[in-house]
There are 4 protein chains.
Amino acid sequence: MAVRSEASRKAVLQATMELLNDTPPGPVSLQKLSIEGIAKHAGVSKMTIYRWWPSKTAVVIDSFLDNHVAQTPIHDEGPAIDALRAHLASLARVYSGPEGRLIAQLIAECQHDPATLEEFKQRFWKGRADAARLLIERAVAEGAVRDDIDPDVVAEMLYAPIYFRLLFQTGDLDEEATDAMVDAALKGIGR
Amino acid sequence: MAVRSEASRKAVLQATMELLNDTPPGPVSLQKLSIEGIAKHAGVSKMTIYRWWPSKTAVVIDSFLDNHVAQTPIHDEGPAIDALRAHLASLARVYSGPEGRLIAQLIAECQHDPATLEEFKQRFWKGRADAARLLIERAVAEGAVRDDIDPDVVAEMLYAPIYFRLLFQTGDLDEEATDAMVDAALKGIGR
Amino acid sequence: MAVRSEASRKAVLQATMELLNDTPPGPVSLQKLSIEGIAKHAGVSKMTIYRWWPSKTAVVIDSFLDNHVAQTPIHDEGPAIDALRAHLASLARVYSGPEGRLIAQLIAECQHDPATLEEFKQRFWKGRADAARLLIERAVAEGAVRDDIDPDVVAEMLYAPIYFRLLFQTGDLDEEATDAMVDAALKGIGR
Amino acid sequence: MAVRSEASRKAVLQATMELLNDTPPGPVSLQKLSIEGIAKHAGVSKMTIYRWWPSKTAVVIDSFLDNHVAQTPIHDEGPAIDALRAHLASLARVYSGPEGRLIAQLIAECQHDPATLEEFKQRFWKGRADAARLLIERAVAEGAVRDDIDPDVVAEMLYAPIYFRLLFQTGDLDEEATDAMVDAALKGIGR
DNA sequence: CGATAAACGAGACGGTACGTCTGGTCTTGTG
DNA sequence: CACAAGACCAGACGTACCGTCTCGTTTATCG
């Protein structure tokens, strides 16, 4: 008996979002977000957070990711290639704003904790990877994409440059950029 | 007068490397490396470190990056495409070991400090990007690569998937993988 | 309307005694005894303890004191002075063991809660003080003790040094010591 | 090098005194005094306190005891017995106020830490015990006190009742009371 | 050759946050 | 409806580092 308090859970998730969104001056910073701060802002005991989440990053994932994934859906209408283009463009749009910095920092946090990386991939990546694979297979069926390349490699070719730019900030992230990437990937760089 | 002590500088860099390499049990962790720890291990005052480096990450970059870049050189013999393949393969080899984890964590650290990211890009990325651009231009001249695609986009297509796998750990990083990526990029995924 | 559970009450008292007696290595420690621990060991809810006892110390008093008082009875046979000597010696014997440390810590706990001190005095001190007063009055009647001193002062002169040594650990607590104290008190220190 | 900051030391000691004296509503409470609280009130880092004092009690002893000992000096003029009476009366006076409660709680704290008890005895007890012994020996020489009783036992007879009343609160602590104790001790209770 | 000024080791300092713990209250469901 | 179970808020614990700041003490030019 004695059961998890839904009120506390929500207070924590909401406080986390608020701290991430409202607090600047500087841009969002996952690093200066502290469990102590979340607890205080949420009016919740630290113990309650430690009891239910293994790490600060886990709290952020819970607070943020589902919401984020919903913001960049993969639609299924029209030619598969167009759906892919649209999805990549929506990713680029979101990633070029403050949410992009947050995602980047989330990926950063995962680099020193394999368990968190795993959860991140499950929550953030898996659903989209599956959808993308279906889309790619449909693109193959539609005759837009070659059938002699591993769909995972195809997905990587399309998505990797976006995360590359997100993390290294080596170029703009907008629809123009993603379209150029898709064009190049489609026709190939070889002669 | 009084001039920077070379002995201290070396002691710091070496202590950093030792702490990064020797201390596990667990894998390398940039996160639990502390300036306090480096100072103690190097027999150096904290002030000395703060005087000469702006951040822990800067110390690590100094300790490690040149050495690393030297380990994955870009050679210039033979067909440009083969040189690129070789370089990508050598990157993959190094990144699949503990040094890869360290690079990943270095990239992670850069996500909450633009200045450090800039330095990282200068020291880590720039030389190679320039070399890669030359190589790509040579590949174009050799007729192996199309001339109607921005060489920077070409570079991104070739390199991004490697960092993607390094950071997300979604697949092996070996010569087989990089070759498959290059093949796909060359011939394109479109039909 | 539902009545206090005798089973719970006993379980609490017994668990308390067991924790106080069994748990060392170190000597008995009232301080590391916690209500949480008692509840767990007794298979009882914390609430049940809080409902029926005002403090940890109260539980200990209930668990322990009657038992202890019974261990150091005041007998009434023979000359009153001899009965007093015997009682003081029995106190010294008990107080030089682990039970003595526990009593000392109980006295300590009482120093930040007047209500508990009051209860402690009622349960621990009152009966004995009354008996001692009777004995002293008998000793006066027997001609062994002067009749021009307040019996409470006499009692204090005899008992205080024992508690002094118990708390300050400034000397042995044995029959020899108590006898010397009684001798000195009887004949006086003045010339 | 790097030397202890006298300012911090004083800030800690003074903050401790202030918290002990000023803050109630309730009476002084050593128990709810926390190192965290002292640090905050003193504008000092917790580490600074942990660096220089082994425990909360040690801070209190440092803050308070010397001052207290100075308040209840043993003077050396006139007949030794009168000096003893005066000292006991001054103890009684101080102990019947809030400082008495604090001393009582300090004694209480010592009951679960032998090392602290030892320090307490050194700082609080030793000087006075030595002085009292000299006084008693002078009283013997002056012919006021018998020479066939161990001076330590004499000291105990005189001091123990005061601490007894301090801790058990079984009677007033004033000059009248201490005089009565001394009278009784001098002439003895035996007939 | 000193003088002198910077760089140095040592480490104390005010802070922030960590992750753990306990105390006392509140909540939920069972017997 | 008293109880067990245990979640909850509160906040202290002791630790680890942070980045800043003296301290004396080298050291290496330069007057």
Side-chain angles (χ1 to χ4, degrees), chain A residues 1-9 11-12 31-40 42-52 54-56, chain B residues 1-9 11-12 31-40 42-56, chain C residues 1-9 11 31-37 39-40 42-56, chain D residues 1-9 11-12 31-40 42-52 54-56:
Chain A
M1 321 141 203
V3 112
R4 179 167 186 179
S5 152
E6 184 62 12
S8 295
R9 200 189 121 264
V12 167
Q31 185 177 236
K32 20 196 71 180
L33 184 72
S34 69
I35 291 198
E36 197 116 10
I38 297 172
K40 187 152 298 180
V44 141
S45 166
K46 275 203 286 177
M47 264 313 297
T48 302
I49 300 183
Y50 282 112
R51 197 175 355 249
W52 299 111
S55 69
K56 169 176 74 176
Chain B
M1 352 268 88
V3 110
R4 178 168 187 180
S5 153
E6 184 63 11
S8 295
R9 201 190 120 261
V12 168
Q31 186 178 234
K32 17 197 73 178
L33 184 72
S34 68
I35 292 198
E36 197 118 9
I38 295 172
K40 188 152 294 178
V44 141
S45 165
K46 276 202 288 176
M47 262 316 295
T48 302
I49 300 183
Y50 282 112
R51 194 171 1 243
W52 299 111
W53 287 276
S55 69
K56 169 176 74 175
Chain C
M1 7 192 119
V3 110
R4 177 167 188 180
S5 153
E6 183 62 12
S8 295
R9 200 189 122 263
Q31 186 176 237
K32 10 199 78 178
L33 183 73
S34 67
I35 292 200
E36 196 115 11
K40 188 152 295 180
V44 141
S45 165
K46 275 204 285 181
M47 260 321 289
T48 303
I49 300 183
Y50 281 111
R51 204 181 344 255
W52 300 111
W53 285 276
S55 69
K56 170 176 73 176
Chain D
M1 308 128 213
V3 112
R4 178 167 188 180
S5 153
E6 184 62 13
S8 294
R9 200 189 120 262
V12 168
Q31 187 176 235
K32 23 194 72 178
L33 184 71
S34 69
I35 291 198
E36 196 116 10
I38 296 172
K40 188 153 297 178
V44 141
S45 165
K46 274 203 286 177
M47 262 316 294
T48 300
I49 300 183
Y50 283 113
R51 195 166 10 239
W52 299 110
S55 69
K56 171 177 71 176

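Residue numbering restarts at 1 for every chain, and letters A, B, ... go by the order of the sequence lines.
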Of dC8(E), dC9(F), dG9(E), the nucleotide closest to the side chain of V44(B) is dG9(E)
Rounding to a whole Å, what distance do you find between E6(B):CD and dA28(F):P? 12 Å
Could you pull out the protein-nucleic contacts involving nucleotides 19-22 of chain E (nitrogen or oxygen on both sides, under 3.5 Å)?
unit_1	atom_1	unit_2	atom_2	d
dG19(E)	OP2	Y50(A)	OH	2.8
dG19(E)	N7	K46(A)	NZ	3.0
dG19(E)	O6	K46(A)	NZ	2.7

Sequence-distant partners of K46(C), side-chain hydrogen bond (donor to acceptor under 3.5 Å, both in side chains), two or more places apart: E36(C)
Looking across every strand, which nucleic acid part, if any, lies under 4.0 Å from G37(B) by heavy atom: base, sugar-phosphate, or nothing? nothing
Would you mind telling me which of dG9(E), dC3(F), dC8(F) lies closest to the side-chain atoms of R51(C)? dC3(F)
OP1 or OP2 of dC8(E) sitting under 4.0 Å from any side-chain N/O of W52(B)? yes
Between L33(A) and K56(A), which heavy-atom pair has the shortest distance, and what is it? O-CD, 2.9 Å
May I have the distance from K56(C) (atom NZ) to dG23(E) (atom C1'), rounded to whole angstrom? 10 Å
Side chain to side chain contact (heavy atoms under 4.5 Å, CB included) filter on S8(D), not counting sequence neighbours, yields S5(D), V44(D), T48(D)
First encountered from the 5' end of DNA chain F, between G43(C) and T48(A): G43(C)
Any side-chain N or O of S5(A) below 4.0 angstrom from OP1/OP2 of dT27(E)? no
Nearest-Å distance for atom pair CZ/C1', residues R4(A) and dA5(F): 18 Å
Through what angle, rounded to 10 degrees, does the axis of the helix from dC1(E)-dG31(F) to dG31(E)-dC1(F) turn between its ends, using five pairs per end? 0°
Comparing K32(A) and A42(B) on DNA chain E - which has the more 5′ nearest nucleotide: A42(B)
In whole Å, I'd like the distance from the NZ atom of K40(D) to the P atom of dC13(F). 11 Å
If you compare all heavy atoms of A39(B) against all heavy atoms of S45(B), which two are closest, and at what distance to 0.1 Å? CB-C, 4.2 Å
Measure the OG-NZ distance between S34(C) and K40(C) for me, rounded to the nearest 0.5 Å. 9.0 Å
Report yes if at least one side-chain N or O of S8(C) is closer than 4.0 Å to OP1 or OP2 of dA4(F); otherwise report no. yes
Just so I know, are the side chains of R9(A) and W52(A) near enough to count as touching, which here means a heavy-atom distance under 4.5 Å? no
Please report the shortest heavy-atom distance between A11(D) and A42(D), naming the atom on each side. O-CB, 3.5 Å
For I49(A) and dC18(E), give me the distance from atom CD1 to atom C1', rounded to whole Å. 13 Å
Q31(C) CD to dG23(E) P: how many Å, rounded? 10 Å
Distance check needed: dG19(F) P versus I38(B) CD1, whole Å only. 11 Å
